[in-house]
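Quick note: residue numbers are just sequence positions, from 1. Predicted, not measured: the structure shown is a model, and the values here were computed from it.
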Amino acid sequence: MWKRSSIALMLLALAACKTTGTEPSANGAVSLGKAEVMSHIAGNTETWTKGGGYYSPDGQLNVLWNGKETVGTWEVSEDGEVCYVVDVWGSDEECHRYVNDGGETKLLYDGKARVAKIQPGNQLGSL
């Protein structure tokens, strides 16, 4: 009985997850929980392919994208999923998550995993 209820809860969690297709890989990667994600990104800058984002602890996301600055909002769900809205990317909410993959923190987005470079504080001015 315990196994059935555990499986049901896992399926419900995956159904509620906005990042379907970005679950941890079969090689043992483990999703970070809310507290771990908050510790990882809040008050820090993440470098992206065309810029970066500063995750202000108050929920504001300061973004430098293709040389242009803009702002949005971000939040972390109880299961560790990071969701954000940035107007210049459209009005739709986008989400990703972080996993510990063999001791390395990786960002999972759109079915792809990559190491996300995190810098302390707001480093957008140096990108």
Heavy-atom closest contact ([X] atom, [Y] atom, distance):
X	Y	answer
Pro120	Asn44	CA-OD1, 3.2 Å
Ser126	Gln119	OG-OE1, 4.4 Å
Leu108	Ala113	CD2-CB, 3.1 Å

Side chain to side chain contact (heavy atoms under 4.5 Å, CB included) between Glu94 and Tyr84, worked out: CA-CA 6 Å; Glu94 294 192 38; Tyr84 47 90; 3.7 Å; yes
Is the closest side-chain heavy-atom distance between [X] and [Y] below 4.5 Å?
X	Y	result
Trp65	Thr49	yes
Glu46	Leu107	yes
Arg97	Asp79	yes

Do Ile118 and Tyr54 share a hydrophobic cluster, counting only Ile, Leu, Val, Met, Phe, Trp and Tyr and linking them when any side-chain heavy atoms are less than 4.5 Å apart? no
Linked, directly or transitively: Val86 and Trp74 (ILVMFWY side chains, under 4.5 Å): yes
May I ask you to decide if the ring planes of Tyr55 and His96 are parallel, tilted or perpendicular, using 30° and 60° as cut-offs? perpendicular
For [Y], does its backbone N or O pair with a side-chain atom of [X] as donor and acceptor, under 3.5 Å?
X	Y	result
Asn66	Lys68	no
Thr45	Gly121	yes
Glu104	Asp101	no

Exceeds 12 heavy-atom contacts within 6.0 angstrom, atom CD of Gln60: yes
So Trp48 and Arg114, side chain to side chain contact (heavy atoms under 4.5 Å, CB included) or not? Walk me through it. CA-CA 10 Å; Trp48 303 324; Arg114 67 172 178 85; 3.3 Å; yes
Nearest 0.5 Å please: distance from the [atom1] atom of [X] over to the [atom2] atom of [Y].
X	Y	atom1	atom2	result
Thr105	Ile41	OG1	CD1	11.5 Å
Lys50	Leu127	NZ	CG	15.0 Å
Leu64	Gln123	CG	CD	12.5 Å
Cys83	Asp92	SG	CG	12.0 Å

Does the pair Asn62 and Ser56 meet the rule for a side chain to side chain contact (heavy atoms under 4.5 Å, CB included), with working shown? CA-CA 7 Å; Asn62 298 75; Ser56 176; 4.3 Å; yes
